[in-house]
Number of protein chains: 2
Amino acid sequence: MSVLVVGSLALDSIETPFGSARDALGGSAVYISAAASYFANPVRIVGVVGGDFPEEGIAFLEQRKVDLEGLQVIKKGKTFRWSGRYHYDLNQRDTLSTDLNVFESFNPVIPEKYKKSRFVCLGNIDPVLQRKVLDQMEKPRVVICDTMNYWIERKKTELQETLRLINILILNDSEARLLSREPNLIKAGRVIRSMGPTVVIIKKGEHGALMLTESHTFSAPAYPMENIFDPTGAGDTFAGGFVGWLARTDDLDEENLKRAVIYGSTLASFCVEKFSVEGLRDLTYLQIQDRYREFRELSRFAD
Amino acid sequence: MSVLVVGSLALDSIETPFGSARDALGGSAVYISAAASYFANPVRIVGVVGGDFPEEGIAFLEQRKVDLEGLQVIKKGKTFRWSGRYHYDLNQRDTLSTDLNVFESFNPVIPEKYKKSRFVCLGNIDPVLQRKVLDQMEKPRVVICDTMNYWIERKKTELQETLRLINILILNDSEARLLSREPNLIKAGRVIRSMGPTVVIIKKGEHGALMLTESHTFSAPAYPMENIFDPTGAGDTFAGGFVGWLARTDDLDEENLKRAVIYGSTLASFCVEKFSVEGLRDLTYLQIQDRYREFRELSRFAD
């Protein structure tokens, strides 16, 4: 099944205790589509870059067979840039700078042939833009949406409008608490479900993820990473693996949603092992399956 | 198999957003032995109380069939008292006061008939006292030990001496980071294992628990609690359920250690549903089995 990904394409400058990188390929749409491409086909991208977006960035996405027809290139503009520094424990980061550049006036235009995409993954962008995307789509089967504290704090009403239109919301634990004003994550999930999405997935970083549906709670373990090299993009990669698996299988049963959570976690675990998108460049299906099985072993126990 | 529990018997004054209690029954030895008593027999206690320790406290332990021969009663003394206040999100608490009272000069004396106990659970007390207990024992099969930041910060050398003598250490995530000086929990577990214990269990509160052995990592989910009434004693109850299950089965295989982690988590989930020890008063084996199965459902996913 087809997947449409809308989000940012960025050049990230990152400092971690293990090294630093300048203008490395990043952005939510890049991570989501690269991850989804391991399962689904076609994966289509809508986003915007400036004339300074490197050839290698395009080549990376082309190598992952991502359809770039919906990529706007503003020759005279500059690509969105983000820079951040990770703390020693890698669980926290400081944003050093955000330069929206061409992203500031981004107007997502969905190419005609994208409009029937069955699975839509809205990366973490302005909820008004997320809605603009949905307005152009022709009855997608599933809409998956990511958001962040920035929009919860600044555009809560707009975000709530968007939440009414989506099926699955992915956000992290602090964002879930912020959006629901409820410290208990199980209650937070219920509050958020009442805002629209039938499924809420709460990412908890080193503690794994929770998926809350009408009748079930699923607790996914985190992969026991000893060497996280660069956490950038882990959440987007999770979303990409998740939507990619759903699109591959076209199965929205509870059991398959759980698998999708584990495949998302699997790809995220590869992502953070290397800088930038390098961890998503050359995975084999066997590597992915092996790690999926490791996730099973991690949480399996007998009667 | 027999279980020896050494730790505090206390009168706790607790404030939570949902209510408060004065001089409620508490203390690590109380929670551990009550939890262990659901699986193992005999469960023996060594501790100390003052003349003010309430009849109902004794009656509660007797009802749970805990052997009290090792309980020292200092008629003229006062029982150890702790008071604390939980924050709105219940993940954090402030200690308001700690009055050691008779606990200040506690000298654990192991009754003759306790010395051959096969499973020893050392509650969170001074590591010097923990060692004094072990000096009196006759080759226990397993020694399980709890500790806390207080001892890590103030008696690290003494604690390290104790760690060399134990098999399984149970501590929470912030304590594991403090003891190992390593933010990554998987690495922290390895550092701690190099200090002596072959198995390290890291409790993560609302995020479940990690068990680290030589060859495996086991990630146990947390029960999705919506209504935590009083978190006091959850960690001790976990330890009690864990050691109780091991003593019941007398099986230290990896698979059974995992079951013990889930049984510990199961009892802890009952504990926090009510104030003080009330959640551990009248459980049935069926209730425990049903919740164990709920834990399985929570983290189960298909190939």
Side-chain angles (χ1 to χ4, degrees), chain A residues 17 86-92 173 177 181-190 202 204-212 215-228 251 253-263 265 289 292-303, chain B residues 17 86-92 173 177 181-190 202 204-212 215-228 251 253-263 265 289 292-303:
Chain A
Y86 289 89
H87 294 216
Y88 175 55
D89 72 1
L90 295 176
N91 291 316
Q92 285 197 298
D173 47 358
R177 291 186 165 113
R181 299 173 182 277
E182 170 55 64
N184 180 295
L185 289 180
I186 305 298
K187 286 186 187 170
R190 181 175 311 142
I202 302 175
K204 305 189 298 175
E206 62 169 344
H207 303 300
L210 280 178
M211 178 170 67
L212 304 153
S215 55
H216 285 93
T217 300
F218 173 54
S219 173
Y223 189 73
M225 307 289 307
E226 283 196 60
N227 297 301
I228 299 178
D251 171 0
D253 276 2
E254 188 110 359
E255 279 307 312
N256 200 49
L257 289 172
K258 290 185 189 179
R259 284 189 201 98
V261 167
I262 301 296
Y263 277 112
S265 306
Q289 288 307 116
Y292 183 94
R293 271 183 223 110
E294 286 187 70
F295 268 92
R296 272 181 67 77
E297 278 311 297
L298 204 54
S299 59
R300 194 188 51 73
F301 59 91
D303 274 327
Chain B
Y86 289 89
H87 293 216
Y88 174 55
D89 72 1
L90 296 175
N91 290 317
Q92 285 198 298
D173 47 358
R177 292 187 165 112
R181 297 174 183 279
E182 170 55 65
N184 180 296
L185 288 180
I186 306 297
K187 285 186 187 170
R190 182 177 311 143
I202 301 176
K204 306 189 295 176
E206 62 169 342
H207 303 300
L210 281 178
M211 178 170 69
L212 304 153
S215 55
H216 285 93
T217 300
F218 173 55
S219 173
Y223 189 72
M225 307 289 306
E226 284 197 61
N227 296 300
I228 299 178
D251 171 358
D253 276 2
E254 189 109 358
E255 279 306 312
N256 200 48
L257 288 172
K258 290 184 189 180
R259 284 190 200 98
V261 167
I262 301 296
Y263 278 112
S265 306
Q289 288 307 116
Y292 183 93
R293 270 182 224 111
E294 285 187 70
F295 268 92
R296 272 183 66 77
E297 278 311 297
L298 204 54
S299 58
R300 194 187 50 73
F301 59 93
D303 273 327

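Within every chain, numbering begins at 1; the chains are lettered A, B, ... in the order of the sequence lines, protein sequences first and strands thereafter.
Taking B:Asn184, B:Asp303, B:Ile228 one by one and counting their heavy-atom pairs under 4.5 Å with chain A, the maximum is reached by B:Asp303. Listed options B:Asp173, B:Thr217, B:Val261 were ranked by heavy-atom pairs under 4.5 angstrom with chain A; first place goes to B:Thr217. Of the listed residues B:Arg190, B:Glu297, B:Arg293, B:Met211, the one with more heavy-atom pairs under 4.5 angstrom with chain A than any other is B:Arg190.
Under the 30°/60° scheme for interplanar angles, the aromatic rings of A:His207 and B:His207 are found to lie parallel.
In this structure the side chain of A:Arg300 never reaches within 4.5 angstrom of the side chain of B:Arg300, judged on heavy atoms.
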Query raised in the report: Which is it for B:Lys204 and A:Lys204 under the side chain to side chain contact (heavy atoms under 4.5 Å, CB included) test, yes or no, and what are the steps along the way?
Result: CA-CA 12 Å; B:Lys204 306 189 295 176; A:Lys204 305 189 298 175; over 6 Å; no

Query raised in the report: Does the pair B:Lys187 and A:Asn227 meet the rule for a side chain to side chain contact (heavy atoms under 4.5 Å, CB included), with working shown?
Result: CA-CA 9 Å; B:Lys187 285 186 187 170; A:Asn227 297 301; 3.5 Å; yes

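Residue A:Asn256 does not touch chain B at all, counting heavy-atom pairs closer than 4.5 Å. Within the 4.5 angstrom heavy-atom criterion, only side-chain atoms of A:Arg177, from C-beta onward, approach chain B. Residue A:Ile262 touches chain B through its side chain alone, counting heavy-atom pairs closer than 4.5 Å. Both the backbone and the side chain of A:Ala302 come within contact range of chain B, each with at least one heavy atom under 4.5 Å from a heavy atom of that chain.
Considering CZ of A:Phe295 and OG of B:Ser219, their distance stands at 9.5 Å, rounded to 0.5 Å.
Partner of A:Ile186 under the side chain to side chain contact (heavy atoms under 4.5 Å, CB included) criterion, out of B:Glu226, B:Met225, B:Glu206: B:Glu226 alone.
Under the 6.0 Å distance and 45° angle rule, B:Arg296 counts as a cation-pi partner of A:Phe301.
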